[in-house]
Student: 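Pasting a structure here, questions to come.
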Amino acid sequence: MQSTFVIVGANLAGGRAAQTLRREGFGGRVVLVGAEPHPPYERPPLSKEVLLGTQSADDLQIADPASWAEHDIELRLGVRARRLLTAEQAIEIDGGERIKADKVLLCTGGRVRRLRVEGHDLAGVHYLRSIDDALAIRRRLVPGARLTVVGSGFVGAEVAAAAHALGCQVTLLEIAQLPLQRVLGPALGKIFAAVHREHGIDLRLGTGVQRILGDGRVRQVVTTDGSIVETDVVVVGIGIDPAVELAGMAGARVGDGILVDEFCATSLDGVYAAGDVANHPNPIVGERVRLEHWQNAQNQAVAAAGSMLGRRQPFAEVPWFWSDQYDLNLQMAGHPLPGDDIVWRGDVDGLNFSAFFLRDGILRAALAVNRPRDVRGAMRLIEWRAEVEPDALRDVGVDLRKVPV
Ligand SMILES: Cc1cc2nc3c(=O)[nH]c(=O)nc-3n(C[C@H](O)[C@H](O)[C@H](O)COP(=O)(O)OP(=O)(O)OC[C@H]3O[C@@H](n4cnc5c(N)ncnc54)[C@H](O)[C@@H]3O)c2cc1C
């Protein structure tokens, strides 16, 4: 009898895993169960091109809609997996149907963290994770609209930048003392704070939301310092929590995400996890990480599908991420930690620079602003944990792709 592989979560990771199973010749049944009504799609444009109106929802699909059926991948959309029944080797979905599952891959991603303050449920308070969220926000970002963005992480910063380009008046609230401080440290945080302010964003640091006031619709945000921000629309971007419940209820080891080994296997036999939900040991970073990066979701899913097919190929990649804000392209590779030494290259004031993060003389991470080639060059050095001369990093004349490791 042929095997059935069930993938829970029909987005980037789930979709790429299903495609990989077929590409690698798996002839059994592949079922892709997704809670959203949409076939797998790309989320990065949701806070960029979709808000700006340069891409439509139809442009985001990761594959031709007909290709799922052509490859005999059973898409069960708008359906939530409720229980992972390990003893019965089955997945129970909405309505109680049980799907036999010889192997399971959990690609359940994350869900947005919500504000727990008075007025959080007023119309006009939005979160951004799905196509539907992005389209709802887009409708509100008309010229002159007063937008309050809560959280100046990558998604919040991108929303602020897109809204600014659309002619909105933007207030950006950040509870920390600087934007992205926890990830990139204070020196870069100061630079990104200045970028927002130079674009006319009203950036308020060390400031959160006390409550939201309105008459059915949001009208005002009261900040933690007691100020009142007149507001037509609020977008909250304060991070996600990994959707670990299926794995947890079934007895898998979970922590910050579903804990997997280097083969994307969970602590349960025949159950794997990949993408934003998976917490994996990364030998390059030197510790466990749970990444919320497009590249990781895609490539880890491919690796997980390989493991389901019996390949013993460990997954080990340099983390890589990008963000587009205003006229800036940010790319980051590796995993910086607070306290890393930073070496600068390029023109910081002109916003054409890279920052290299060193620990014990070893290159651990790089962040480039409008210098994508620096990051591509640095990735190989990070992978090899190279001891790179700071002067080579500093010197724009040195091609990092050619630095010996
Ligand atoms: C607005 C936005 C902008 C981004 N921009 C960038 C960027 O510029 N660069 C970058 O590198 N990354 C970016 N990312 C991150 C990137 O999109 C994610 O890393 C990627 O989408 C993760 O894919 P995933 O499949 O692991 O998880 P998700 O995309 O979260 O998909 C998980 C899916 O599982 C479904 N699900 C959960 N539980 C169940 C269940 N029990 N039953 C059925 N289905 C279930 C969910 O509904 C969801 O559809 C961005 C993300 C967002 C939201």
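Not measured: the values here are computed from a predicted model. Just so you know, ligand 1 is whichever comes first in the structure, and atom 1 is the first atom listed for that ligand.
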Student: If you count heavy atoms of other groups shown closer than 6.0 angstrom to CG of Asp225, is the number above 12?
Tutor: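 Buried by this count: over 12 neighbours within 6.0 Å.
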Student: Evaluate salt bridge (charged side-chain N to carboxylate O under 4.0 Å, His left out) for Arg129 paired with Asp276, printing each intermediate quantity in order.
Tutor: CA-CA 13 Å; Arg129 186 74 187 167; Asp276 280 16; 3.0 Å; yes
Student: Among all protein non-hydrogen atoms, which one is nearest to atom 11 (O) of ligand 1, and what is the separation to 0.1 Å?
Tutor: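 Checked against all protein heavy atoms, atom 11 (O) of ligand 1 sits closest to Trp294 N, 3.0 Å.
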Student: Suppose we measure from atom 23 (O) of ligand 1 to each protein heavy atom; which comes out shortest, and what is that distance?
Tutor: Ala297 CB, 3.6 Å
Student: Answer with yes or no whether the side chains of Gln220 and Glu230 bring together a donor and an acceptor at under 3.5 Å.
Tutor: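 There is such a pair (donor and acceptor under 3.5 Å, judged by atom type) between the side chains of Glu230 and Gln220.
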Student: Among all protein heavy atoms, pick out the one at the shortest distance from atom 29 (O) of ligand 1; state its residue, atom name and that distance to 0.1 Å.
Tutor: Arg43 NE, 2.6 Å
Student: Contact between Pro336 and Leu367 at the side-chain level, heavy atoms closer than 4.5 Å - yes or no?
Tutor: no
Student: Glu292 heavy atoms, cut-off 4.0 Å: which ligand 1 atoms fall inside?
Tutor: 15 (C), 19 (O)
Student: Using a 4.0 Å cut-off to any heavy atom of Val33, which atoms of ligand 1 qualify?
Tutor: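 Near Val33, meaning under 4.0 Å from one of its heavy atoms, ligand 1 has 43 (C), 44 (N).
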Student: Please enumerate all residues that pass ring pair (Phe, Tyr, Trp, His ring centres under 6.0 Å) together with Phe263, with sequence neighbours excluded.
Tutor: none
Student: Would you mind telling me if ligand 1 is within reach of the side chain of Val79, the backbone, both or neither, using heavy atoms under 4.0 Å?
Tutor: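 For Val79, only backbone atoms sit under 4.0 Å from ligand 1.
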Student: Counting both backbone and side chain atoms, is some N or O of Glu245 under 3.5 Å from an N or O of ligand 1?
Tutor: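 Looking only at distances, the answer is no, because the N/O contact criterion of under 3.5 Å is not met.
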Student: For the backbone of Asp133 and the side chain of Ser130, can you confirm whether one donor and one acceptor N or O come within less than 3.5 Å of each other?
Tutor: yes
Student: Hey, is Lys48 touching ligand 1 through its side chain, its backbone, both or neither, going by heavy atoms under 4.0 Å?
Tutor: side chain
Student: Determine, considering heavy atoms only, which of Gly109, Ala17, Gly110, Ala35 sits nearest to atom 45 (C) of ligand 1.
Tutor: Ala35
Student: For His199, give me all partners under ring pair (Phe, Tyr, Trp, His ring centres under 6.0 Å), at least two apart in sequence or on another chain.
Tutor: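 His199 satisfies ring pair (Phe, Tyr, Trp, His ring centres under 6.0 Å) with His164, Tyr326 once adjacent residues are dropped.
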Student: Around atom CZ of Arg253, are there more than 12 heavy atoms of other residues, nucleotides or ligands at under 6.0 Å?
Tutor: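 Open.
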Student: What I want to know is whether Trp320 and ligand 1 share at least one N or O pair that is separated by under 3.5 angstrom.
Tutor: no
Student: Provide the number and element of each atom of ligand 1 under 4.0 Å from a heavy atom of Thr108.
Tutor: 32 (C), 34 (O), 37 (C), 38 (N), 39 (C)
Student: Would you say Arg129 and ligand 1 have an N/O pair spaced under 3.5 Å apart?
Tutor: yes
Student: Any idea which atoms of ligand 1 are less than 4.0 Å away from a heavy-atom of Val8?
Tutor: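 Listed by number with element: 40 (C), 42 (N), 43 (C).
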Student: Are Ser56 and Asp58 close enough, and set up right, to give a side chain to side chain donor-acceptor pair (under 3.5 Å), and what steps lead you there?
Tutor: CA-CA 5 Å; Ser56 76; Asp58 293 340; 4.6 Å; no
Student: Quick one: nearest non-hydrogen protein atom to atom 9 (N) of ligand 1, plus distance?
Tutor: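 Of the protein heavy atoms, Trp322 O, 2.9 Å lies nearest.
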Student: Got more than 12 heavy atoms from elsewhere within 6.0 Å of CD, Gln313?
Tutor: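 Atom CD in Gln313 is not packed in, count stays at 12 or less.
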Student: Would you please test Thr207 and Thr223 for side chain to side chain donor-acceptor pair (under 3.5 Å) and show each step?
Tutor: CA-CA 6 Å; Thr207 308; Thr223 62; 5.8 Å; no
Student: Provide, to 0.1 Å, the distance between atom 20 (C) of ligand 1 and the closest protein heavy atom, together with that atom's residue and name.
Tutor: Asp276 OD1, 3.9 Å
Student: Side chain, backbone, both or neither: which applies to Arg80 and ligand 1 if a contact is any heavy-atom pair less than 4.0 Å apart?
Tutor: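 Near ligand 1, Arg80 shows its backbone as well as its side chain.
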Student: Any idea which atoms of ligand 1 are less than 4.0 Å away from a heavy-atom of Ser47?
Tutor: 1 (C), 2 (C), 3 (C)
Student: Can you pull out the closest protein heavy atom to atom 14 (N) of ligand 1? Residue, atom name and distance to 0.1 Å, please.
Tutor: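 For this ligand atom, the closest protein heavy atom is Pro44 CG, 4.1 Å.
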Student: Quick check: Gly275 and ligand 1, any N/O pair under 3.5 Å apart?
Tutor: no
Student: Could you work out, for atom 42 (N) of ligand 1, the closest of Ala81, Pro37, Ala10, Pro40 by heavy-atom distance?
Tutor: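 Heavy atom nearest to atom 42 (N) of ligand 1 belongs to Ala81.
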Student: Pull out every atom of ligand 1 sitting under 4.0 Å from any heavy atom of Glu36, numbered as shown with elements.
Tutor: 47 (O), 48 (C), 49 (O)
Student: Checking Gln295 against Asn299: is there a side-chain donor and acceptor pair closer than 3.5 Å?
Tutor: no
Student: What residue and atom, counting heavy atoms only, is the protein's closest point to atom 32 (C) of ligand 1, and at what distance?
Tutor: Cys107 O, 3.4 Å
Student: Would you call Asp340-Arg364 a salt bridge at under 4.0 Å N-O?
Tutor: no
Student: Any atoms of ligand 1 less than 4.0 Å from a non-hydrogen atom of Leu12? List them with their elements.
Tutor: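 Taking each heavy atom of Leu12 in turn, ligand 1 has 23 (O), 25 (O) under 4.0 Å.
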Student: Are any non-hydrogen side-chain atoms of Leu213 and Arg219 less than 4.5 angstrom apart?
Tutor: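 No, too far: nothing below the 4.5 Å cut-off.
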Student: For atom 35 (C) of ligand 1, what's the nearest protein heavy atom and its distance?
Tutor: Gly9 CA, 3.8 Å
